[in-house]
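Since the structure is predicted, the reported quantities are computational estimates derived from the model, not experimental observations. For the numbers below, each heavy atom of this structure counts, side chains included, while hydrogens, waters and symmetry mates do not. A note on names: the letters A, B, ... follow the listed sequences, proteins ahead of strands, and every chain is numbered from 1.
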Amino acid sequence: MGEPAEESRRTDEGGTKSKDFIRQIIDKDLRTGRYNGVHTRFPPEPNGYLHIGHAKAICLNFGIAEEYGGLCNLRFDDTNPLREEEEYVQSIIEDVRWLGFDWEDRLFYASDYFDQLYEWAVQLIKDGKAYVDDLSPEEIRQYRGTLTKPGRESPYRNRSVEENLDLFERMRRGEFPDGSRVLRAKIDMASPNLNLRDPVMYRIIHASHHRTGDKWCVYPTYDWAHGQSDSIEGITHSICTLEFEGHRPLYDWFLDQLGVHHPRQIEFARLELSHTVLSKRKLRLLVEDGYVSGWDDPRMPTLAGLRRRGYTPEAIRNFCNRIGVAKTNSVIDVALLEHCVRDDLNKRAQRVMAVLRPLRLVIDNYPEGQVEEFEVENNPEDPGMGTRKVPFSRVLYVERDDFMEDPPRRWFRLAPGREVRLKGAYYVTCVDVVKNEAGEVVELHCTYDPESRGGVTPDGRKVRGTLHWVSAEHALDAEVRLYDRLFLKADPEDVDEEGADFRANLNPNSLEVLTGCKVEPSLADAKVGDHCQFLRLGYFCVDPDSAKGKLVFNRTVTLRDTWGKIAKRVGAR
RNA sequence: UGGGGAGUCGUCUAAUGGGCAGGACAGCAGACUCUGGAUCUGUGGGUCGGGGUUCGAGUCCCUGCUCCCCAGCCA
């Protein structure tokens, strides 16, 4: 409680302290005594899967609570039985946990408060602050006015308290059909803020709710449920996104009329990420229309998708802490997210060798039938991760991309007559190239230098290139799924043709499935979810589609590719 | 058009009773390297426009411009 611990303050890379505007407001509230502690909440509606944008809100709410020695609740905003499902509740719980946050025994639902909300509505009616309206949805819209013209009062606006009480009670009992009546707050039909033009508090929905079943047929709207739920839970700072800014006067109004604990609502800009979409509607469309395999498709920006792709909670949390919090609408470059996962995996992922597009390499002067085992470091960033043995023999596989018959300038890899190092093993020199009738290179012949055992020679001569490889005889087969950005443009909504939508910018090559990949035998007992670095290629993780004897890897992200940039300039590839 | 918000390097984000516009990602250049990885070093690049006030303005005043949100019985 009170001031945050010094060491938990957010600092930038330079070490200077800087707090976002929300933390500054909280500091002030604590200083002035408006609140004595900090209690936040993360309030998702269970109508879809959580995505990276939610991660920002989760890290903000749970992070702030932690920093200030306060608490953060997980609360499902389940006020609309038509859209919400238990499946989503479960996935959300799983995702928030996976991200690394704990709400202890404070898992709540807005539906926990339906009785209290109903009582409070009755209280407002008695106070003459709410009334039952018989207008149809269409009429309500017409009476609301427009942005520039004030609304008109409903002819039912001045019913007696008794009649309102009676009607509201009968609404609750199920005497009226859906849409026939609503309960509205009596505020001001001429307000320039449309949210204050007698907003709807209850609507009739004869549908069963995932938690309250058929107990209710009137359900509170967001505006009526949210602030009161915050109040009941003793929330101090109700952090939400910018689009609710115009609702704050209403949030405050309800709480003031009721005279109950009054949290402060603070709005911040939701996260937007380049090369993807982050709206439930669009994500749902991608899933339902089969553009992706599901909510957890590794190309999806959902937490389930990112997890399957191989992103770690640490990488995502670090990302959320680095993007900042402000009120400016902004789009974060997905490159920052990629940087964060590389940064995390670089420190933790075990290095292994895998050949994605195998090319046979025969070492002519290596004894037939001989097998050597080389000890290779598991992670040069962390010697503590130890070493492993990798078998080597006369016939190997190397990456097709690592050989060029007629290489451009600055090519350090294999080519006729070139000598390279096979990581941790020997130097080999390409002496012959075998092609098929189509003229494609199908096999390389090399000689090795026995003196170079272990990857260094007594004469100390240098080779510029070091290649990864696997022994043909010992290699395991694997399927590897290469993922790329889901959308071609940074802004998927940037479409040329009239009538086209973001789907026109879908990247047709966002998924490439490679079969017949060869991986080193140490991967034999890799488990689903395991992360590793395929040397020189990128970070990968084991997909749930894997089975005994059938390994499937997802590429999380490539390594930074300096050669790729050079090649582009040189005009190679 | 009414109301509510927001404009700082390419992209995010600091600079808070006016005081050298800083960092990160991305880019570029180099060093190092048994991953063309990692690491290290260096480098270019910004205050929406126009007026003011001031010794001094991203910050204060005036004015203009641009962008976002609101007319669900969605959240």
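When the nucleotides B/G36, B/A38, B/A71 are ranked by their closest atom to the side chain of A/N346, B/A38 comes out on top. In this structure, of B/G27, B/G36, B/A75, it is B/A75 that holds the atom nearest to the side chain of A/N80. With B/A71, B/C25, B/A75 as the candidates, the nucleotide lying closest to the side chain of A/R144 is B/A71. Checking B/C70, B/A14, B/C25 against every side-chain atom of A/L194, the shortest atom distance belongs to B/C70. Set against B/C68, B/G37, B/G2, the side chain of A/P192 has B/G2 as its closest nucleotide. Nearest to the side-chain atoms of A/D77 among the listed nucleotides B/A14, B/A75, B/C25 stands B/A75.
Between A/T562 and the phosphate of B/G37, there is a side-chain N or O to OP1/OP2 separation shorter than 4.0 Å.
Side-chain atoms of A/R322 stay outside donor-acceptor range of the base of B/U13, with no qualifying N/O pair under 3.5 Å. Within 3.5 Å, a donor on the side chain of A/E381 pairs with an acceptor on the base of B/G37, or the reverse. No hydrogens or angles were tested; on distance alone, nothing pairs the side chain of A/R410 with the base of B/G36 as donor and acceptor under 3.5 Å.
Comparing B/U39 with B/A24, their P atoms sit 13 Å apart, to the nearest whole Å. B/C60 and B/U66 have their C1' atoms separated by 23 Å, given to the nearest Å. On the P atoms, B/G30 is 49 Å away from B/C55, given to the nearest whole Å.
Across the protein-nucleic acid pair, A/R342 atom CZ and B/U35 atom P stand 18 Å apart, rounded to whole Å. Atom-to-atom, NE2 of A/H51 to P of B/A75 comes out at 17 Å; the value is rounded to the nearest Å. Atom CG of A/L250 and atom C1' of B/A71 are 15 Å apart (whole Å). The separation between A/K28 atom NZ and B/G17 atom P is 12 Å, rounded to whole Å. If you take CD of A/Q533 and P of B/G36, they are 10 Å apart, rounded to a whole angstrom. Across the protein-nucleic acid pair, A/I266 atom CD1 and B/G5 atom C1' stand 15 Å apart, rounded to whole Å.
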Can you run through RNA chain B from 5' to 3' and write each base as (, ), [, ], | or . depending on how it pairs? Watson-Crick or G-U wobble, both distances under 3.5 Å. .((((((..((((.....[..)))).(((((.......)))))....(((((..]....))))))))))).....

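Side-chain polar atoms of A/E85 and A/H210 form no donor-acceptor pair below 3.5 angstrom.
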Show me the protein contacts with nucleotides 7-11 of chain B, counting only N or O atoms at under 3.5 Å.
from: B/U11; atom 1: O3'; to: A/V331; atom 2: O; distance (Å): 3.3
from: B/U11; atom 1: O2'; to: A/V331; atom 2: O; distance (Å): 2.9

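The environment of CZ in A/R388 is crowded: more than 12 heavy-atom neighbours from other residues, nucleotides or ligands sit within 6.0 Å. Under a cut-off of 6.0 angstrom, the local environment of CZ in A/R409 is sparse, with at most 12 non-hydrogen atoms contributed by other residues, nucleotides or ligands.
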